[in-house]
Amino acid sequence: MTSNTMEAAATSAVRSRRDAPPRPGGGARLVRRRQRWGWLFVAPFAVVFAIFLVLPLGYAFGMSLFTSTLATGTEFTGLANYAKAFTDPLFLEGMLRVLAYAVVMIPAQLLVALVAALVLDTLATRVSKLSRLLIFVPYAIPVVIGALMWSFLYSPRFGPAATIFSMVGLDAPNFLAADSIFGSLVNIVTWQWAGYYMIVIYAALRSIDPTIYEAARIDGANGWQTATRIKLPMISSSMVMVITFALIGTLQFFTEPVVLRSVAQGAIDAAYTPNMYAFSLAFSYSQFNYASAIAFSLGALVFAGSTVFLFLTRKQSGLK
Amino acid sequence: MRSKLLAASGVVAVAAAALTGCTPGASAESCTNEILQPDATQVSVWAWYPAFEQVVDLFNETHDEVQICWTNAGQGNDEYTKFSTAIESGSGAPDVIMLESEVLSSFSIRDSLVDLTEYGADDVKGDYSEGAWKDVSSGDAVYAIPVDGGPMGMLYRQDILDEYGIPVPTTWDEFAAAAQTLKDAGAPGVLADFPTNGRAYNQALFAQVGSTPFVYDNAKPTEIGIEVNDQPSKDVLAYWEKLAADGLVGTEDAFTADYNTKLVDGSYAIYIAAAWGPGYLGGLSDADADAVWRAAPVPQWDPANPVQINWGGSTFAVTTQAKDPEAAALVAKEVFGTEEAWKIGIEEAALFPLWKPILESDYFRDLEYPFFGGQQINKDVFLEAASGYTGFTFSPFQNYAYDQLTEQLYAMVQGEKDASKALDDLQASLEAYATEQGFTLQ
């Protein structure tokens, strides 16, 4: 509570300076009373936040400072687990893999979302409303269900590809093989998220004042020029937001590969992404301490990655 | 003012407690089954057999002092994940838990299983074969009571073999020849599958040539012997490598929807399976009603000296979180300790009993299985397979070992390395892991 009180005191100090000259006595009491109510309204969130986020995080960090092996028990090893994590080939390979996914997947999602949003923005028919809904629908499907559904679509036996290819007398490609699983996963994620990003971009496009388009038309701009020179720069802050979401999501890649692993265990190993590695360590190999260290290292890298990205794009995002 | 604030924060605290489920007094466990004697000692049990409910009811009807409170916490790894978390957090585990014998060491090394010798395990030792008992013990300690086993046999499609004029293979050489015949005849399917994620199945194939991958004894818990790359195992793997490379067997992952379909639609003519295999096949919704399934002994390398193998098997262990270990041990010993319970297990869940009174009974020997056209498969195949089984030692990090095995076998069927290199790499990774986990290699 100390920091809270201090903050409250600081705020009240700022206030009283701004509201100068303060009325003696009564005003300060009123402010205090108001603040008390404010804290009361924040309290439920603060409690839940502390119990479900701050405490577990602290607990996990504490755990990551110990090392427990199967044969010799638990001992305090300080940051040794972190040193191990950043030299662990499985963790580093997983990081490289999710970076590769980020390089391919984020542009793919963005491109689909952007093109869909720009096209829908220029249409104003009933078809556009329906298309908007249809593109958005995959996002409304729970990730696990979506991945399960795709695991059946990719199936060499049940999938539509088998039927289509057999019509021309060919064998369907195996979407779950080691060399094709990358593309198969990119496809699932793009399918799932592009609609969501499209809605964000579309909303940004709708907020642009139409008179600007009119001015552009008068100046002789065609549709392509309007899109690339007016619409795109004006929604850049939304684009930055979308990319940040996609970046964080990709670095934490987990659900889709886990679900597909049940049908392609060879192609997707237990340490395929850093998140999966942490999960396997904790729940399959009972190495909770090292798993915590991996999870924290991943968290730190995600935090660093998104901060760098936001710093580099501070001009576009308006977050200066 | 102050009291109002206190009252409000009290409300918040209660709400938070309700959210986290910490409300005091709500510790009563929820049972799937009905408790007949509310005043008796309750023992919570996690088990996954669908037909287990009838077995539990039978136990509760016949025991006035102890009642089972049953929960299905998922099968295999799903359940182990929950149990593992409960061990780590120090609460939340049941009193009695169903575990496959292959993971007993992995849990006992974490001090989560009670040594049952203190609770009269030896009283029932005589009811089980030596192999079955070895699977649940480590040194002098006994960590579980065996339930069912997985002696292996060969389930085959008589109709497919007849169509292509293939005799039922009794040796692995004949098996390879049969696979070649089938391919030469242009059959739509293959003879069998070699699943790289077969885990215990692949392990059993190696065990047939004498592979003892792990030497581990709970009396010396920091020492382990690892040998997965012995020459006989390499030979077995090279055999499958060749079959896979020549396209004579499939290499699909086991236990996927695709695999299940292929098992029953004739894509595989032979399913090397455990005694519970027919139950598994019968449970698949697309099971082909016209298929003619028969059972035969598993093919041999040396027909003069047949070696029997085992794939899986489940046990009941008492956890160290048990409130009343005495009562829990009683449940572990007695839940499958009657003929009535076993008849439910055999007829409803296709279990293969390890409990001698039923295993050696005429009833079990002569039982006719409609799935096999009335064949007496126990007499023909599985009783002998079970009697020849001498037990197996698993590592205390079996899940890791299996994951590594899967990776190496997959790399092999992908053509990245040959059988010998795959097993050498497996050996190296397991040794590195064991050392890192503080074990001394023997």
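Being a predicted model, the structure only gives us computed values, none of them experimental. So that the names make sense, note that chain A is the first sequence line, chain B the second, and so on, each numbered from 1.
- Across all their heavy atoms, B:Asp403 and A:Ala270 have their closest contact at OD2-CB, 3.9 Å.
- Side-chain contact check for B:Asp258 versus A:Pro156: some heavy-atom pair is nearer than 4.5 Å.
- At a 4.5 Å heavy-atom cutoff, the contact between A:Ser284 and chain B is made by backbone and side-chain atoms alike.
- With a 4.5 Å cut-off on side-chain heavy atoms, B:Tyr433 and A:Tyr285 count as touching.
- The distance from atom OG1 of A:Thr72 to atom CZ of B:Phe439, rounded to the nearest 0.5 Å, is 8.5 Å.
- The CD atom of A:Gln265 lies 6.5 Å from the CZ atom of B:Arg199; values are rounded to the nearest 0.5 Å.
- Looking at heavy atoms from C-beta onward, B:Ser84 lies in side-chain contact with A:Phe288 at the 4.5 angstrom threshold.
- Shown here for A:Ala178 and B:Tyr410, the closest heavy-atom pair between the two residues is N-OH, 3.1 Å.
- To the nearest 0.5 Å, the span separating CD on B:Glu407 from CD1 on A:Ile268 amounts to 12.0 Å.
- Summarising the local packing, CZ of A:Phe76 is surrounded by more than 12 heavy atoms from other residues, nucleotides or ligands at distances under 6.0 Å.
- A 4.5 Å side-chain heavy-atom check between A:Ser286 and B:Arg110 finds at least one atom pair inside the cut-off.
- With respect to chain A, the highest number of heavy-atom pairs below 4.5 Å among B:Thr440, B:Thr256, B:Asp253, B:Thr406 belongs to B:Asp253.
- For chain A, no part of B:Ser106 is nearby; none of its heavy atoms comes within less than 4.5 Å.
- Options B:Asn197, B:Thr85, B:Thr222 differ in how many heavy-atom pairs under 4.5 Å they form with chain A, and the most are formed by B:Asn197.
- Across all non-hydrogen atoms, the minimal contact from B:Gln437 to A:Leu70 is OE1-N, 3.0 Å.
- We find the CG-OH distance between A:Leu281 and B:Tyr400 to be 9.5 Å, quoted to the nearest 0.5 Å.
- Interface summary for chain A: among B:Glu436, B:Gln414, B:Glu252, the most heavy-atom pairs under 4.5 angstrom belong to B:Glu436.
- The number of heavy-atom neighbours closer than 6.0 Å to OH of A:Tyr59, taken from other residues, nucleotides and ligands shown, is 12 or below.
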